[in-house]
Amino acid sequence: MSFPSSVRLVEVGPRDGLQNEPDPIATSTKLELIDRLGGAGIRHIEAASFVSPKWVPQMADHREVMTGLSRRSGVTYSALTPNLRGLEAALECGIEEVAVFGAASETFSRKNINCSVAESLERFAPVLERAGKAGVRVRGYVSCVLGCPYEGEIAPAKVAEVSRALFEMGCYEVSLGDTIGTGTPLKAKRMLEAVAREIPMDKLAAHFHDTYGQAIANLYAVLEEGIAVIDSSVAGLGGCPYAKGAAGNVASEDVIYLLDGLGIETGIDLNALAATGNWITQAIGRPNRSKVGVALNAA
Ligand SMILES: CC(C)(COP(=O)([O-])OP(=O)([O-])OC[C@H]1O[C@@H](n2cnc3c(N)ncnc32)[C@H](O)[C@@H]1OP(=O)([O-])[O-])[C@@H](O)C(=O)NCCC(=O)NCCSC(=O)C[C@@](C)(O)CC(=O)[O-]
């Protein structure tokens, strides 16, 4: 057993955490959230999503968010871009990193981005090419790596196949999404082993949702395997619009508490992060789903 000495946290709260909120959230609230997260020491923040506003209305202000940011030095502000149109709009906002998002499940792919897995890869290829010419890094997501809301079990070999396609296309990192949080530690290890046979471990990230309360256990399991990039959402905000019942991402506060306890460096201030979790949940009228955040409030 050996853990990485440091972990890079990718904070997805402003995007994954908020995208499913039914009531409009003011752009100024999103900008303040992003700024507070940067103030807590987070160095990679997924800030917006250049997707169709008909599909995800909450992300319709992507331009205002990306151009309204008070950029902190050393912080990467990224956004989702499912197609060339999204990428062009993101480039106009001066973006330095984008993400394409595919799935290991055919049905989820159709529900989420309206095309098959093969078609999605065809759509991503020109995005990667154009981004490369513009000097913009591209991250790749694979959804449903530990289960699909429509198809149930997903074979690790399928996850490995889609991950490899994204990596070979030029994604600098592939983030493995347990979209509906059904994974358990042994399953997570098996899936990761299959993917790591195709892609170096240091090019992979874990993106786990906490629907069944397994996300921290699953992260511990994949940290043991060598994962050193973790996606999370402050206060455990979120859910997926195309995965009914999916809870939020694992809470960033809970991840930092775990990593602090393991002596793994992150550069993130847990108290400042927990204060941000309190602030955003009050601002949007949601319960704080971080166990650590709630415990710190009571301490
Ligand atoms: C991908 C599409 C656009 C395909 O949607 P489509 O209907 O197949 O594409 P289309 O090209 O026919 O366009 C349909 C409409 O969208 C517009 N459009 C087309 N592209 C854009 C764009 N970039 N920005 C703004 N508008 C756009 C386009 O102009 C048109 O408008 P209309 O003519 O009907 O008025 C659509 O399915 C979509 O936007 N899906 C969004 C899905 C989404 O955001 N899901 C949540 C994020 S993924 C996730 O949360 C999982 C993850 C990443 O966190 C990992 C995990 O946990 O598993």
Side-chain angles (χ1 to χ4, degrees), residues 10-21 46-63 65-66 78-93 95 98-105 107-117 119-124 126-127 130-131 138-151 154 159 162-163 166 171 173-183 191 204-211 215 218 229-233 236-250:
V10 178
E11 169 64 47
V12 297
R15 194 280 302 172
D16 209 351
L18 299 185
Q19 69 184 6
N20 207 27
E21 284 298 323
E46 199 171 73
S49 194
F50 287 79
V51 296
S52 162
K54 285 188 187 149
W55 285 66
V56 186
Q58 188 60 253
M59 294 286 112
D61 59 350
H62 40 239
R63 278 177 196 270
V65 170
M66 289 314 300
S78 61
L80 297 190
T81 55
N83 52 20
L84 261 182
R85 175 167 169 189
L87 175 65
E88 292 298 346
L91 290 175
E92 281 167 23
C93 301
I95 200 125
V98 297
V100 293
F101 47 105
S105 151
T107 315
F108 185 84
S109 179
R110 287 187 187 282
K111 300 267 185 196
N112 194 37
I113 51 173
N114 206 22
C115 62
S116 70
V117 172
E119 284 163 346
S120 75
L121 296 172
E122 278 168 29
R123 262 188 211 175
F124 299 153
V127 175
R130 173 77 178 98
V138 185
R139 197 171 196 239
Y141 279 104
V142 182
S143 285
C144 300
V145 302
L146 293 170
C148 168
Y150 310 103
E151 295 183 11
I154 295 292
V159 181
V162 179
S163 303
L166 290 174
C171 291
E173 183 170 280
V174 177
S175 178
L176 301 165
D178 182 11
T179 314
I180 51 168
T182 48
M191 178 277 297
L204 294 171
H207 177 108
F208 294 164
H209 287 252
D210 203 25
T211 321
N218 294 342
V229 184
I230 294 175
D231 300 357
S232 61
S233 181
L237 295 173
C240 177
Y242 302 104
K244 232 180 170 184
N249 294 91
V250 64

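Please read all numbers here as calculations on a predicted model, not as lab measurements. Note that ligands are numbered from 1 as they come in the structure, with each ligand's atoms numbered from 1 the same way.
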Show which atoms of ligand 1 fall inside a sub-4.0 Å distance from at least one heavy-atom site of [X].
X	result
G86	23 (N)
I113	4 (C), 37 (O)
L80	47 (C)
P82	1 (C)
S143	51 (C), 55 (C), 56 (C), 58 (O)
K54	32 (P), 34 (O), 35 (O)
N114	6 (P), 7 (O), 8 (O)
R15	47 (C), 49 (C), 50 (O), 52 (C), 53 (C), 54 (O)

With heavy atoms under 4.0 Å as the rule, classify the contact between [X] and ligand 1 as side chain, backbone, both or neither.
X	result
T179	both
V56	side chain
T81	neither
F101	side chain

Within-shell test, M59 vs ligand 1, heavy atom, strictly < 4.0 Å
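The answer is no, since M59 has no heavy atom less than 4.0 Å from ligand 1.
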
R123 to ligand 1, any heavy atom closer than 4.0 Å:
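Judged by the 4.0 Å heavy-atom criterion, R123 does count as contacting ligand 1.
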
Who's closest to atom 20 (N) of ligand 1 heavy-atom-wise, of N83, L146, V142?
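The residue whose heavy atom sits nearest atom 20 (N) of ligand 1 is N83.
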
Can you figure out which of H207, H62, Q19, R85 has its heavy atom closest to atom 21 (C) of ligand 1?
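Residue with the shortest heavy-atom distance to the ligand atom: R85.
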
Check whether the side chains of D16 and S233 place a donor and an acceptor atom closer than 3.5 Å, and report yes or no.
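Side chains of D16 and S233: no pair found under 3.5 Å.
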
Evaluate side chain to side chain contact (heavy atoms under 4.5 Å, CB included) for F50 paired with M66, printing each intermediate quantity in order.
CA-CA 10 Å; F50 287 79; M66 289 314 300; 3.7 Å; yes

Is it true that the NZ or CZ of R15 lies under 6.0 Å from the centre of F101's six-membered ring and within 45 degrees of the ring axis?
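No; the conditions do not both hold, so R15 does not lie above the ring face of F101.
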
Does some side-chain heavy atom of [Y] sit less than 4.5 Å from a side-chain heavy atom of [X]?
X	Y	answer
R139	V10	yes
L176	S163	yes
Y141	D231	yes
L237	V12	no

Mind checking whether Y141 has an N or O less than 3.5 Å away from an N or O of ligand 1?
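Between Y141 and ligand 1 (N or O atoms, distance only) the closest approach is not under 3.5 Å.
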
Rounded distance (nearest 0.5 Å) linking atom [atom1] of [X] with atom [atom2] of [Y]:
X	Y	atom1	atom2	result
Q58	L18	CD	CG	6.5 Å
L80	M59	CG	CE	9.0 Å
W55	N114	CH2	CG	4.0 Å

Step by step, work out the side chain to side chain contact (heavy atoms under 4.5 Å, CB included) result for R130 and L91.
CA-CA 10 Å; R130 173 77 178 98; L91 290 175; 3.6 Å; yes

